[in-house]
Number of protein chains: 2
Amino acid sequence: MKLNEGIEWAVHCCSILASLPPGMALPARKLAEFFDLPEHYLAKHMQSLSQQGLVSSSKGPGGGYRLGRPATEIALLDIVLAIDGPAPHFRCTEIRRKGPSGVDDKCYGKPCGIARAMWRAETAWRDELGKVSLEEIRHTGLEETPHEQLEKSLAWFGDALK
Amino acid sequence: MKLNEGIEWAVHCCSILASLPPGMALPARKLAEFFDLPEHYLAKHMQSLSQQGLVSSSKGPGGGYRLGRPATEIALLDIVLAIDGPAPHFRCTEIRRKGPSGVDDKCYGKPCGIARAMWRAETAWRDELGKVSLEEIRHTGLEETPHEQLEKSLAWFGDALK
DNA sequence: ATAATAACGGATATAACATATCCGTTATAA
DNA sequence: TTATAACGGATATGTTATATCCGTTATTAT
């Protein structure tokens with residue numbers, strides 16, 4: 001199993017948006033260029049973020065994306081779910097009911113113990129993602145970005161936002 | 001993202017094997033029949049379990065699969081990894097290094113904070129799966145299986161093991 | 001010995017999903 | 001009026017999961 005690559009893209013893009021001067025917006029085109037990503041496909045992911053309210057969008061020249069709420073109030077989990085969708089990764093198909101020994105559906109109460117255990121693990125995963133704020137991501141990212149890259153980025157965005 | 005359906009199959013099958021009288025083995029054919037699963041495909045998954053030592057196999061008539069070690073010493077995590085493979089779900093493609101502002105690879109020390117956060121969540125997931133033993137799965141399963149199904153199952157396996 | 005069973009590995013076919021592009025539409029700013 | 005940019009829908013492509021089939025080897029029962 002592999003997580004959607006768009007998750008990595010979306011988190012990085014949100015982190016950039018979190019560092020944007022208030023009032024400014026970045027179009028998907030610029031974000032794609034900055035990370036060397038396929039423009040149209042990234043645009044699709046940005047639309048998913050927009051639908052969830054994580055970013056707000058404005059059309060037309062000078063338009064683009066900005067954060068939909070403060071970076072302290074966006075969890076890594078929010079971004080992951082926006083891209084990956086809300087469905088649990090483990091899907092119980094109730095094979096315990098199938099086959100020659102299965103009995104009527106109404107004999108089974110709660111979901112089977114195997115599914116419950118798998119879902120508990122998924123809850124632990126989500127909880128961990130829920131603890132991380134976009135602000136933390138942004139801060140750590142800034143701290144750990146090489147100086148040279150930081151300068152190049154500032155210059156590039158300076159030009160881009162002209 | 002969706003987890004391999006074979007995980008559900010494998011855990012259920014292991015749970016059956018854990019209830020098998022010592023010395024007995026069940027062929028993939030019988031397991032597939034019992035859960036109404038595609039025989040050859042299930043056989044592939046059983047081979048994965050075998051490669052990891054979770055089950056041991058014996059060829060020829062009367063042969064089949066049995067647990068490779070006591071159910072108390074097999075974690076749900078072991079089964080999940082045997083089927084799903086050891087690779088992490090989140091794969092960092094290092095897009096931070098790409099694009100016009102990226103700098104030389106050796107300027108980047110540890111993996112980026114986003115990947116680290118994603119991997120922390122995955123560790124939480126694995127930890128939770130590591131806490132659950134096959135013996136617990138088996139016990140819970142037995143307790144929650146409808147009486148009628150239990151009787152049918154015993155009869156069916158009785159015939160099957162003749 | 002011979003026949004039947006069953007795991008095993010490799011090759012292949014099919015279905016589902018992720019990845020990626022394209023197009024027409026709408027909104028908006030210059 | 002023109003250019004920009006988000007948006008939604010349709011489509012193409014690639015990759016992975018699902019599923020089957022085959023020949024081989026080991027083993028048991030006849």
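Just so it is clear, the model here is predicted, and its values are computed rather than measured. Naming convention: chains lettered A, B, ... in sequence-line order (proteins, then strands); numbering from 1 in each chain.
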Sugar-phosphate only, base, or nothing, as touched by Glu39(A) at under 4.0 Å among non-hydrogen atoms: nothing

Path from Tyr41(A) to Ile16(A) over hydrophobic side-chain contacts below 4.5 Å: yes

Phosphate-side-chain proximity, Ser50(B) and dA7(C), N/O vs OP1/OP2 below 4.0 Å: no

Side-chain ion pair, Lys110(B) and Glu144(A), N-O less than 4.0 Å: yes

Phosphate contact (dT11(D) OP1 or OP2) by Tyr41(A) side-chain N/O below 4.0 Å: no

Whole-Å distance separating the CZ atom of Arg29(A) from the C1' atom of dA3(D): 13 Å

Candidates dA19(D), dA26(D), dA20(C) - which lies nearest the side chain of Pro38(A): dA20(C)

Rounded distance [0.5 Å steps], CG in Asp78(A) versus CG in Leu49(A): 10.5 Å

Between C1' of dA19(D) and CG of Asp36(B), the distance in whole Å: 14 Å

For atom NE2 of His45(A) and atom P of dC17(C), their distance in whole Å: 16 Å

Between C1' of dC8(C) and OH of Tyr65(B), the distance in whole Å: 8 Å

Between dA17(D) (C1') and Leu42(B) (CG): distance, integer Å: 15 Å

Salt bridge Arg96(B)-Glu94(B), side-chain N to carboxylate O under 4.0 Å: yes

Interatomic distance, Lys59(A) NZ vs dT28(C) P [rounded to whole Å]: 7 Å

Any Ser58(A) side-chain nitrogen or oxygen under 4.0 Å from OP1 or OP2 of dA6(D): no

Which nucleotide in dT21(C), dG9(C), dC7(D) has an atom nearest any side-chain atom of Lys44(B): dG9(C)

Most 5' of Met1(A) and Gly64(A) on DNA chain D, judged by nearest nucleotide: Gly64(A)

Separation of dG8(D) C1' from Leu49(A) CG (nearest whole Å): 16 Å

His40(B) NE2 to dT24(D) P, straight-line distance once rounded to whole Å: 17 Å

Under 4.0 angstrom between Gln51(B) side-chain N/O and dG9(C) OP1 or OP2: yes

Sugar-phosphate only, base, or nothing, as touched by Met46(A) at under 4.0 Å among non-hydrogen atoms: nothing

Sugar-phosphate, base or nothing in reach of Ala28(A), heavy atoms under 4.0 Å: sugar-phosphate

Salt bridge Arg29(B)-Glu33(B), side-chain N to carboxylate O under 4.0 Å: yes

5'-most by nearest nucleotide on DNA chain C - Leu3(A) or Pro61(A): Leu3(A)

Sugar-phosphate only, base, or nothing, as touched by Lys2(A) at under 4.0 Å among non-hydrogen atoms: sugar-phosphate

side-chain N/O Ser57(B) vs dC8(C) OP1/OP2, d < 4.0 Å: yes

Considering all heavy atoms, the nearest Leu129(B)-Ala75(B) contact: O-CB, 4.2 Å

Side chain of Trp9(A) (C-beta onward), nearest among dT26(C), dA6(C), dA20(C): dA20(C)

